[in-house]
Amino acid sequence: STLYVRHSSSSIDAKKKVKPRMKAWQLYQYGGNEELNLSNTAKIPSIQKPTDILIEVKAASVNPIDVNMRDGYGRTILNQMRKWFGTSSSASEFPLILGRDFSGVVKKTGHGVTKYKPGDQVWGALAAERNGTHAQFCVAGEKEISLRPKTLSDIEAASIPYVAMTVWAALHLVGELTSKNTPGKRVLIHGGSGGIGSFAIQLMKSWGAYVITTCSTDAIPLVRHLGADLIIDYKSQDSLTQLKSIDKVDVVLDPLGGETPSFTLDVLKSWSGAKYVSLVMPVLPATDKYGLLGGLAQSVADLNMNLFKSFTKGGINYRWAFFMPNSRALKKIASMVDSGQIQPVIDQVFKFEDLPDAYEKVGRKKGRGKTVIDVS
Ligand code: NDP
């Protein structure tokens, strides 16, 4: 090996390639808000695949999944997926950047990207195994983004992609509702005041459904403004009686889980293909608890039990749905926003530096629409 007898340290430094750096909120281990670290020298993510796109994030939203992932939720499956899809170049997921959606500007594209060029204003929602958007830059795949609505600011646009893609997966892909077959259908949306509910009400109204929603008393004006036809105040004493007395519905969207199916399955029409779509999947927590195989087995057992219970209650289809990136759906939603059929619903905007406050707020589960962070 070479022995360097005389050299200055500056000449060695000059040879080192300077790596571009960015501000980012990073986790080095799972835990509470105290584990969120603001770095000014985080590595700007690099394009790994031909279809990858480097994006400057202007605004991002905070979702319950971020707060849950901060605590370690889903780590077993997500780490497996990071290995399968090659989204993490190191052995460990740390330093981990959270945040699933964004509005921003394309900075650089992989050589296989045909639809986007630097300078395009885009929005998107990233697969859960990717490093996230609570940073100045993120890398997205071509299939995770679209051009963003022209009529919105970045802050407004960032409030939509993650909840929109979850609701799209739940009500369209799993619930099988379309703009053509929805008119006249009755859809019950639980938790109408939250991020998911406020988007779902608007999508269903724009497709012509009769929308029934549950929310607490102070959120009634909001869900009414969004177009809900029948509102059940779940804090009122006779909410269960009210729910039982409504005309039966075709589809239920349940983002709440827990006891909700036990008092809602009866609300669905019998033997008519009615669907109960739950967003609360036991798979991720089960694999964290029992390991990959044990957790999957436990989840299949849970699903079979729910399928059995719902089938015996009148042939109801009990289904789970989960967020899926979908560029075609994002494009469709962007045009619905620009034509005034869907509006952003923003509860609170936080400065980038105040992100832990935004996590604390979302963790309180009292959202009225969305919580957004201003990254610009
Ligand atoms: P938010 O925190 O924005 O909203 C939750 C809302 O639920 C609050 O507004 C709260 O309103 C309402 N709520 C709580 N309890 C009840 C109840 N008993 N009846 C009616 N409303 C109730 O969260 P999001 O809307 O963004 O997400 C909601 C849930 O959806 C998540 O916690 C997660 O479980 C699920 N989800 C699943 C995804 C998946 O891929 N499977 C993806 C995204 C979300 P109030 O203050 O009136 O109680």
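Order of appearance sets the numbers: ligands from 1, and atoms from 1 within every ligand.
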| said: Can you confirm whether or not the ring centre of Tyr359 sits under 6.0 Å from the ring centre of His134? | reply: yes

| note | Taken to the nearest 0.5 Å, the spacing of Ser376 OG from Ile155 CD1 works out to 6.5 Å

| Measuring from the heavy atoms of Met281, does anything fall under 4.0 Å of ligand 1? | no

| field | Min side-chain heavy-atom separation Arg100-Asp66 under 4.5 Å | value | yes

| request: Below 4.0 angstrom from a heavy atom of Lys366, which ligand 1 atoms are there? Numbered from 1 as shown, please. | output: 45 (P), 46 (O), 48 (O)

| said: Within a 6.0 Å radius of atom NZ on Lys332, are there more than 12 heavy atoms belonging to other residues, nucleotides or ligands? | reply: no

| said: Heavy atoms only, cut-off 4.0 Å: how does Trp320 contact ligand 1, side chain, backbone, both, or neither? | reply: neither

| query | Passes salt bridge (charged side-chain N to carboxylate O under 4.0 Å, His left out), Asp347 versus Lys361? Steps please. | reply | CA-CA 10 Å; Asp347 191 358; Lys361 179 200 169 283; 2.9 Å; yes

| said: Is the contact between Ala169 and ligand 1 made by the side chain, the backbone, both, or neither, using heavy atoms and a 4.0 Å cut-off? | reply: neither

| query | For atom 11 (O) of ligand 1, what's the nearest protein heavy atom and its distance? | reply | Ser193 OG, 3.3 Å

| note | among protein heavy atoms, the one nearest atom 9 (O) of ligand 1 is Gly367 O, 2.8 Å

| Arg368 and ligand 1 - part of the residue with a heavy-atom distance under 4.0 Å | side chain

| field | Gap separating the CZ atom of Phe323 from the CG atom of Leu126, nearest 0.5 angstrom | value | 7.0 Å

| said: Could you check, using the six-membered ring where one of them is a Trp, whether Tyr30 and Phe94 have ring centers closer than 6.0 angstrom? | reply: yes

| task | Please indicate whether Glu34 has more than 12 foreign heavy atoms, meaning atoms of other residues, nucleotides or ligands, lying under 6.0 Å from its CD. | result | yes

| query | Does the N or O separation between Gly197 and ligand 1 drop below 3.5 Å for any pair? | reply | no

| task | Flag the pair Leu268 / Val252 as yes when at least one side-chain heavy-atom distance between them is below 4.5 Å, and no otherwise. | result | yes

| message | With a heavy-atom distance limit of 4.0 Å, tell me whether Phe322 approaches ligand 1 through its side chain, its backbone, both, or neither. | response | both

| remark: Between the CG atom in Asp101 and the CG atom in Asn63, the distance rounded to the nearest 0.5 Å is 5.5 Å

| Over 12 non-hydrogen atoms of neighbours within 6.0 angstrom of NZ in Lys185 | yes

| Considering only heavy atoms, which of Lys365, His190, Glu259 lies nearest to atom 2 (O) of ligand 1? | Lys365

| said: Nearest non-hydrogen contact with atom 7 (O) of ligand 1 belongs to which option: Thr217, Leu256, Leu222, Thr371? | reply: Leu256

| Where ligand 1 meets Ser216 - atom numbers and elements under 4.0 angstrom, heavy-atom basis | 45 (P), 46 (O), 47 (O)

| N or O pair under 3.5 Å between Leu279 and ligand 1 | yes

| field | atom 25 (O) of ligand 1 - nearest protein heavy atom and its distance | value | Ile196 N, 2.9 Å

| Note, Lys150 side chain near Gln121 side chain (heavy atom, < 4.5 Å) | no

| query | Nearest to atom 28 (C) of ligand 1, what protein heavy atom do you find, and at what distance? | reply | Pro255 CB, 4.0 Å

| atom 32 (O) of ligand 1 - nearest protein heavy atom and its distance | Pro64 CB, 3.9 Å

| Nearest neighbour in protein (non-hydrogen) for atom 5 (C) of ligand 1 | Gly194 CA, 4.2 Å

| request: Report yes if the side chains of Gln26 and Leu36 come closer than 4.5 Å at any heavy-atom pair, otherwise no. | output: no

| Is there a donor in the side chain of Glu93 and an acceptor in the side chain of Asn79, or the other way round, less than 3.5 Å apart? | yes

| request: Decide whether an N or O pair under 3.5 Å exists between Gly195 and ligand 1. | output: yes

| remark: If we number the atoms of ligand 1 from 1 as shown, the ones under 4.0 Å from a heavy atom of Ala321 are 41 (N)

| Heavy-atom nearest neighbour of atom 38 (C) of ligand 1 within options Leu253, Thr166, Asp347, Val163 | Thr166

| message | Using a 3.5 Å cut-off on N or O atoms only, is Asn63 in polar contact with ligand 1? | response | no

| request: Would you mind listing which atoms of ligand 1 come within a distance below 4.0 Å of any non-hydrogen atom of Gly191? | output: 20 (C), 21 (N)

| Heavy-atom distance to atom 45 (P) of ligand 1: which of Phe199, Tyr234, Phe323, Tyr162 wins? | Tyr234

